[in-house]
Structures are given as C-alpha cells and as structure tokens.
Amino acid sequence: MILLFLIPLALLLIEGWFAAQLIVPRAGKWLQLPLALPVASLSNALLTFAYTVVDIPLVPASVLGGHVLIIIVLFVLKRRQSADVLLQENGEKSVPLFPQRWSRFILLLCYILLGVSFVYSFVHAVLLPTMQLDSLSNWTHRAQVSFVDHHIVYDATEDRGVAKPQYPILLHSLQITANQLQFKWNDHIANTIHWLLSLSSFGALFLIIRRLRGKQVALLGTTLILSIPLLQLHLAQGFGDLPLAQYLLLALGAYAMYVQYAGARWLMLSAFFVGAACWTKSEGLFIGFFPFVLMLGCHWFLHRPERKNLLMAAGISLALAVIYPLFLVAKGMHITPHSTDTAVQFTLAGFPYLFPALFTNGSLGITWYVLPAAIVILLALASRRDPRVACDMLPTFIFGTVGLAIVLFTYLFTENVQFLINEESFFRQLYIPAALLILSCILAYTPAEQSPEQGHL
C-alpha cells in the first residue's frame, strides 16, 4: 500500500509544477520543479480548509478529486500563456568566492556537511518511527486523528491526545492527503511527505541563491543555514518550526529575485510563501507577515514607481494571513495556542537566561557570535559604497531583524518567559530569524562586481 502514496504525491507535484510555471514562467524547469511541493502544499491547505468550512469529508474522492480539478484548471491556464512569457530567463553568473587554493577544500567540506544532513534527516524522518514529542502530541498525531475522522479536528479537550487544536493546517492537511488511498494511517508516509517538503524547499532555496550569486555562494549559504545545530536536528521532522523557516527563507529568496531582476512575478511568489508560513504555524503571522510588510514599506520608500507591485504583494500576503485567524475567532478559539503570547508583563526574570541561550547553551552553536559581526562588517562596507556589497539587498535585513525583535520581546516581556527559562520553545523560535539573517548576508555580499542583465522574469 505504500506504493499508492506515489499517486497523491504525483498529483501534488504536477499541481505545484503547473502553478510554479504560471507564477514564475521564466524561472526554468530546474527551479520550478523543487518549487512544486512547497507551492502545492499551500494549495492543498486551502483546499482542505474549504472542505472544512463547507463540511465535506476528507476522503480520496474529495481530496484527490479536488486536486485533479485544480490540475485541469492550471493546465488550461498554462496553455493560454503567451509565447514571450514562456521564454526562460538567463542563467546565473559563475562568480568565484574563494581563492583557488582554498576553493576545492571548502566546497568539499560543504558537500560533506550537506551529505551528513541529508543522511541524518532521511534516516530519522523516513526510516525510523515517529520519535519527536511534538509529533506524538501535536503535529502528526492531530493529522492522524483528522484522517480517522475525515475532518480537521478542533478538540476542545485533550481526551484524544490532540494538543493545541488552534494550529494552522498546512502540515496536517499535507500528511492527510499523502495518506489518502491507505486503509489505515501510515506514520512513515506522513513523515516522508514532511521530509520531502524540506528537501524540495532547501533545494529551491539553493537554486535561487545560485541564480543570484553563483554556485559557490549558494553551496556555502545553504550549508551555513543547515549547520545551525537545532535547525539541523529538526530535519528529523516533528516540529512545525522548520517548515515555517523554510517558507520564510523561500519568501526572502523570491523577494531577492524580484529586486535583482525587476520581476514582479517573483514578488507575488514571495507573498504566497509568506501566506504559506501563516498557514504553517501561528508564529508566521508575527515573524513572517509583519516583517514582510515592513520590508515592502522600505522598498516602497526607495522605489516609489514600484508601488503597484508592492501593494499587490502586500494584499496577497494579507489575504492569506488573516483567513485562518478569522476562522478561529469565529469558532471562539484563540488565534495562538498559548494565551500567554499576548499577556505583556515587564519583568527582568528572563534576562539572566537570555545570553546563555544565545551564546553558550549550544542549540544555536556559534550563530549569534558570527552573525552580528558579519552584519556590522557588511554595513560598514556599504557605508563606503564598497562594490562587494549589493546595497539593494540591504532591506532584506529587515525581515530577520524585525522577526528577531518580536521573538525576543515575546520571550522577555510576556508570560512566555517561562519557555525561555525552562528552555522549551525559545530556541526553536530563535533559529528562524538566524536563518533569515544568514540568507540576507549571503544576498548582500557579492564576491565580485556583478552587473546582471535586467529583465522581466
């Protein structure tokens, strides 16, 4: 029966590939293919949500039939694209990053580290049984109960073990769809589709950076992000923080493509990914949507002629971001699983725990030692108009910086300080802005003066 998993997987990939071709038609198939599953996961969540609202059961006929209809619509729309839109964009420029004598060694080290991450994540996420506590009580378990009920569950109590029923449903609906055609719930399939989402997301991110900065920078940047210790551990799946980080990284990468190539379609894709982050975890609204809008506001100030594109992107992200919270309010539920998220209290209780958490506890490695220094150096170079800094990428730092400020405020000045003190969820939240800031550093630094051909992607 595991082979039947290939049918819903194929439907999702075809749907996502067609959608990616419509949104960014000139990206080329090698970039559109890894974008397929992240894009299809959002459309799958919206389909599941629509079924939830109108009370249609989640069974193979409705779920897979719905995706077949979406594919047909996308295929018709794709056939109507004009020929000039379908032309592929120019490939990336190959720019050396390291001196020749160091290049092979550093690149080999990156390949080894990425290989270790791949093997570790594959073994733990695909071959081994579910082992993460959050999966057993929140993520995969809620998907399993929903699969059995044929509806997304919103249990008011935890009698069936479902904790935090307020969680957005992107991951749950993806695991439910993957398990269609199965006679009973299969944890390995649920974890495999989760792992494939991570694999395709980081693959797409690598190709985006490669298009912008060349292969060496893309390899180093992807390795640095995946080398954040706790993020790498989460490649074993089980937590929603990793896919939340993936969608925000893709949103930032797509925004960078818009900046470098003046391609409005990439800005729309960036807005879609921000919306997907909001459907992945409630934190996506706070550390994804709000920083994204502020980044667009900065772009508005610097590039006023582009205001139409910016308004459209802000509108798309807003529409996607507020649908699920409004649904929860209508059901009489909190929009976040912890009522303490908004219980502001000005106390110094968390400060003694903050610096050990950032620097010495090990979950984030040397990330917060290196990042501030790297950002200061880049800003100093930018102030001297050094050609090695792409000043048009500096607004990308708003994304990670504002997200970091929101995380720190939440865990220092609300009752969530308890999760900093007991070392529970603070670290999971903190590696997301860290990953975004690493990506911003990669995007802002140009190893040689580049003059990419401008065009409409």
Side-chain angles (χ1 to χ4, degrees), residues 1-16 19 37 39-74 130 135-194 196-197 240 243 275-276 278-282 320 323-333 335 337:
M1 296 302 293
I2 292 180
L3 291 176
L4 293 178
F5 160 62
L6 298 178
I7 295 176
L9 176 61
L11 289 176
L12 289 171
L13 291 176
I14 293 170
E15 179 181 319
L37 192 55
V39 171
S41 298
L42 174 59
S43 63
N44 179 67
L46 296 175
L47 178 66
T48 304
F49 177 73
Y51 287 162
T52 300
V53 172
V54 298
D55 200 26
I56 295 177
L58 302 176
V59 295
S62 61
V63 175
L64 302 185
H67 284 292
V68 169
L69 290 176
I70 294 174
I71 288 172
I72 293 173
V73 172
L74 292 174
T130 298
S135 271
L136 295 171
S137 62
N138 296 338
W139 298 100
T140 306
H141 181 68
R142 184 186 179 205
Q144 179 180 359
V145 176
S146 300
F147 174 82
V148 173
D149 284 6
H150 303 304
H151 293 279
I152 298 293
V153 297
Y154 293 93
D155 290 8
T157 67
E158 296 188 14
D159 292 342
R160 296 193 292 175
V162 177
K164 303 178 180 64
Q166 297 94 339
Y167 275 161
I169 62 173
L170 186 142
L171 290 180
H172 302 102
S173 59
L174 184 62
Q175 292 177 322
I176 292 168
T177 297
N179 265 286
Q180 298 301 317
L181 303 179
Q182 304 297 317
F183 290 122
K184 61 180 182 179
W185 177 261
N186 190 310
D187 252 13
H188 285 290
I189 288 177
N191 294 335
T192 297
I193 195 68
H194 195 172
L196 288 173
L197 177 62
C278 297
W279 282 87
T280 303
K281 208 167 182 221
S282 55
L320 290 171
I323 294 174
Y324 195 74
L326 291 176
F327 172 75
L328 292 178
V329 171
K331 291 179 71 69
M333 304 176 72
I335 64 173

Using the side-chain contact (heavy atoms from CB on, under 4.5 Å) rule, pick out the option among L6, L3, V63, L4 that qualifies with L181. L4

I'd like to know if the side chain of S62 and the backbone of V59 have a donor-acceptor N/O pair within less than 3.5 Å. yes

Are D155 and R142 side-chain neighbours, meaning at least one heavy-atom pair lies under 4.5 Å? no

Drop me the distance from I176's CD1 to I189's CD1, to the nearest 0.5 angstrom. 13.5 Å

Gap separating the CD1 atom of I193 from the CZ atom of F5, nearest 0.5 angstrom: 4.0 Å

Shortest non-hydrogen contact from M333 toward P165: CE-CG, 3.8 Å

Spacing of Y51 atom OH and H151 atom NE2 [to the nearest 0.5 Å]: 12.5 Å

Could you tell me the separation between the CG atom of L42 and the CG atom of L47, rounded to the nearest 0.5 Å? 11.5 Å

Within the 4.5 Å heavy-atom criterion, are L64 and P8 side-chain neighbours or not? yes

Return yes if a side-chain donor-acceptor contact under 3.5 Å exists between E15 and S43, otherwise no. yes

Could you state the interatomic distance from CD1 (I56) to OG1 (T48), rounded to the nearest 0.5 Å? 11.0 Å

Hey, are the side chains of L11 and T177 touching, using non-hydrogen atoms and a 4.5 Å cut-off? no

Just by modelled atom types, is the S173 backbone N or O under 3.5 Å from a matching donor or acceptor in the N44 side chain? yes

Looking at Y167, is its backbone amide N or carbonyl O close enough to the side chain of Y324 to form a donor-acceptor pair, meaning the two atoms are under 3.5 Å apart? yes

Rounded to the nearest 0.5 Å, the CD1 atom of I169 sits from the CD1 atom of I152 at a distance of 5.0 Å

Is a side-chain N or O of N179 found less than 3.5 angstrom from the main chain of N186, in a donor-acceptor match? yes

I'd like to know if the side chain of H194 and the backbone of A190 have a donor-acceptor N/O pair within less than 3.5 Å. no

Sub-4.5 Å side-chain heavy-atom contact between F147 and H172: no

Any side-chain heavy atom of Q166 sitting closer than 4.5 Å to one from I335? no

Quickly, which of D187, V145, L171 forms a side-chain contact (heavy atoms from CB on, under 4.5 Å) with T140? Name it, please. D187

Do P168 and T280 have side chains that get closer than 4.5 Å, going by heavy atoms? no

Whether W279 and F49 hold their rings parallel, tilted or perpendicular, with breakpoints at 30° and 60°: perpendicular

For A45 versus L170, what's the shortest heavy-atom pair and its separation? CB-CA, 3.8 Å

